[in-house]
Amino acid sequence: MSFFTDLAHQYIDGEWRPGKGSWDIIDFNPFDGEKLASIPVATAEEVDQAYRAAERAQQAWAETNPYSRRAVLEKALRIVEEREAEIGDAIVAELGGTRLKAAFELHLAKEFLREAVQLALRPTGQILPSPTEGKENRVYRVPVGVVGVISPFNFPFLLSLKSVAPALALGNAVVLKPHQNTPVCGGTLLAKVFEDAGLPAGLLNVVVTDIAEIGDTLLEHPVPQVISFTGSDKVGRHVATVCAANLKHAVLELGGNSALIVLDDADVDYAVDAAVFSRYVHQGQICMAANRILVDRSVEREFTEKFVAKVASLTVGDPADPATQIGPLINSSQAESVSKLVDQTVAAGATALLHGRADGNLVSPSVLTGLAADSPVLHQEIFGPVALLIPFDGEDEAVRIANDTPYGLSGAVHTGDIERGVRVGGRIHTGMIHINDGTVHDEPIVPFGGEKSSGLGRLNGDSMIEAFTTQKWISIQHGRSRFPF
């Protein structure tokens, strides 16, 4: 596909060029195995070139009138709107996203770009009083300088853009490393959008590479002051460790094991709809997905029958077909891992109300119940179409089960009493909780992030200012200070 081959390059200092590594990253369509592109990997030397280009370009960009920076973001938004169909096709082809998922991702991407447009003008300074006579204290908000962004494969266009656009709007330069499975949608496609929007060379650099080639160069390099990482908690811990050792700030958006709680007074039909979407959207490859569905025993039978029937009706197949609701997992390793996990859990005593099977990278949905309290699957993130149904007796037990996880990203509570839902939600140790809704939500101005092993820091809205700018104190002595010697 020429769309992918045209973008199968490194983008460094405003130039499209092949990587100098001795091997290629192969970009495959996960549904049919079609080879979309072959990209020679970037070396550690090229990562250095990208960071140095960003460093050279950033100072002038920081001094650029924020209205001019805003104009570039506005142009980028128009380009995404004009090329929406083409970008949607790319999402379907490169990551196996369904048509519904592609539209969902693009809708959010445009919303986040609109917020980034406004963000360029939002940082403000302060004048603070001083106990010293004649002294004026000014506190400025200034860009951090260069930001390293590492993005995942599941929502690559959105989750790359989510850090890249605000960082640029606030006067920073960026080096972006997309996931190896989505090098175009998560990387070079953004470079093309911003290049066509008139972003000066060097401000956004995209390196398509792998840790096997560059090690920790992307994290350890002396230029970036902030690393924004979205991915697994295992890799996130390593990112945090390396950043701490190099005195860099890390913003980490990591995995989840969210619980959707159905209380005894919930609207069962509505809760079923919310739970099915929250677990199976994009084949369950979402950090906010409802891994665990907790149901009060008083409505367990009704909920379970309706839930299983709805899941069984989901269409599994070609993501390019608008009727498809479950497409492929990102690669064969992930498909095999999910299938093995289901088989092992059933062998250990769980009951499979639906036992999904793999057909290539397509994995049909599973619904498991009757899990032992110490079942390992209850405490891990499942990046696939597998739901765990867990009964409980009363609010206190629901809260205890929901909190029995190392993660704390999202969640939901369904109830006929909104304030009851708020009270229960307030007891869940998670960064986000939704009453009478699904678990999968992201909005441009609401702080997004998790607790415990689900991450550090927040993104979106004013949190972007905290993440990608720093404060600088400049004092002015209008009189004369007195010194003790």
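None of the values given here were measured: they were computed from a predicted structure.
We find that Lys192 and Asp6 are not joined by a salt bridge, their nearest charged nitrogen and carboxylate oxygen being 4.0 Å or further apart. Taking a cutoff of 4.0 Å between a charged side-chain nitrogen and a carboxylate oxygen, Arg141 and Glu466 qualify as a salt bridge. Under 4.0 Å is where a charged nitrogen must lie from a carboxylate oxygen, and between Arg70 and Glu74 at least one such pair does. Ionic pairing of Arg292 and Asp404 is not present here: no N-O contact between side-chain nitrogen and carboxylate oxygen is shorter than 4.0 angstrom. Between Lys234 and Glu381 there is no salt bridge, since no side-chain nitrogen of the basic residue lies less than 4.0 Å from a carboxylate oxygen of the acidic one.
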Would Val242 and Glu220 satisfy side-chain contact (heavy atoms from CB on, under 4.5 Å), going step by step from the backbone distance to the final call? CA-CA 7 Å; Val242 176; Glu220 294 175 335; 3.6 Å; yes
Does the pair Arg458 and Glu451 meet the rule for a salt bridge (Lys or Arg N to Asp or Glu O under 4.0 Å), with working shown? CA-CA 10 Å; Arg458 295 291 185 269; Glu451 300 295 329; 2.6 Å; yes
Criterion salt bridge (Lys or Arg N to Asp or Glu O under 4.0 Å) on Glu253 and Lys162, from CA distance to verdict: CA-CA 11 Å; Glu253 300 295 339; Lys162 188 174 174 180; over 6 Å; no
Please assess Asn257 against His379 for the test side chain to side chain donor-acceptor pair (under 3.5 Å), listing each intermediate value before the final yes or no. CA-CA 7 Å; Asn257 185 18; His379 305 285; 5.7 Å; no
The test is salt bridge (Lys or Arg N to Asp or Glu O under 4.0 Å); show your working for Arg83 and Asp196 and say whether it passes. CA-CA 12 Å; Arg83 302 176 189 173; Asp196 290 351; 2.9 Å; yes
Any chance you could lay out the side-chain contact (heavy atoms from CB on, under 4.5 Å) test for His429 and Lys452, step after step, and finish with the verdict? CA-CA 8 Å; His429 300 155; Lys452 302 190 284 187; 4.3 Å; yes
Which is it for Gln334 and Ser337 under the side chain to side chain donor-acceptor pair (under 3.5 Å) test, yes or no, and what are the steps along the way? CA-CA 5 Å; Gln334 189 67 17; Ser337 175; 5.2 Å; no
Worked check of salt bridge (Lys or Arg N to Asp or Glu O under 4.0 Å) between Arg114 and Glu81: CA-CA 11 Å; Arg114 291 186 182 101; Glu81 290 173 334; 3.1 Å; yes
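Put simply, the side chain of Thr43 never gets that close to the backbone of Gly21: no donor and acceptor are under 3.5 Å apart. When atom types are taken as modelled, the side chain of Asn172 and the backbone of Gly145 share a donor-acceptor pair closer than 3.5 angstrom. At least one donor-acceptor pair closer than 3.5 Å links the side chain of Ser454 to the backbone N or O of Gly255.
Proximity of Asn205 to Tyr51: side-chain heavy atoms (C-beta onward) are nowhere separated by under 4.5 Å. Residues Phe112 and Asn460 form a side-chain contact, since some pair of their non-hydrogen atoms from C-beta on lies under 4.5 Å apart. Between Asp13 and Tyr11, the closest side-chain pair of non-hydrogen atoms is not below 4.5 Å. Phe468 places a side-chain heavy atom less than 4.5 Å from the side chain of Leu459. By the 4.5 Å heavy-atom criterion applied to side chains, Asn181 and Leu95 are not counted as neighbours. Side-chain contact between Val208 and Gln10 is present, with heavy atoms from C-beta onward closer than 4.5 Å. For the pair Leu219/Lys248, no side-chain contact is recorded, criterion being any heavy-atom separation below 4.5 Å from C-beta on. Within the 4.5 Å cutoff, side-chain heavy atoms of Leu190 are placed close to those of Leu161.
Using a 3.5 Å distance cut-off with no hydrogens or angles, the side chains of Gln285 and Asn154 do not pair a donor with an acceptor. If you check the side chains of Thr439 and Arg279, you find no donor sitting under 3.5 Å from an acceptor. When only modelled atom types and interatomic distance are considered, Ser160 and Ser151 share a side-chain donor-acceptor pair under 3.5 Å. Looking only at atom types and distance, the side chain of Thr64 has no donor-acceptor partner in the side chain of Arg69 under 3.5 Å away.
Between the CG atom in Leu329 and the CG atom in Leu362 there is a gap of 8.0 Å [rounded to 0.5 Å]. To the nearest 0.5 Å, atom OG1 of residue Thr324 and atom NZ of residue Lys101 are 15.0 Å apart. With values rounded to the nearest 0.5 angstrom, Leu128 atom CG is found 12.5 Å from Lys135 atom NZ. The CG atom of Leu254 sits 8.0 Å away from atom OG of Ser453, with the distance rounded to the nearest 0.5 Å.
In Glu443, the CD atom is not crowded: 12 or fewer heavy atoms of neighbouring residues, nucleotides or ligands sit closer than 6.0 Å. Other residues, nucleotides and ligands place no more than 12 heavy atoms under 6.0 Å from the CZ atom of Arg237. The local environment of CD1 in Ile445 is sparse, with at most 12 non-hydrogen atoms from other residues, nucleotides or ligands closer than 6.0 Å. Atom CD1 of Ile418 sits in a sparse spot, with 12 or fewer heavy atoms from other residues, nucleotides or ligands closer than 6.0 Å.
Aromatic ring orientation, Phe155 versus Phe104: perpendicular (interplanar angle above 60°, classes split at 30° and 60°).
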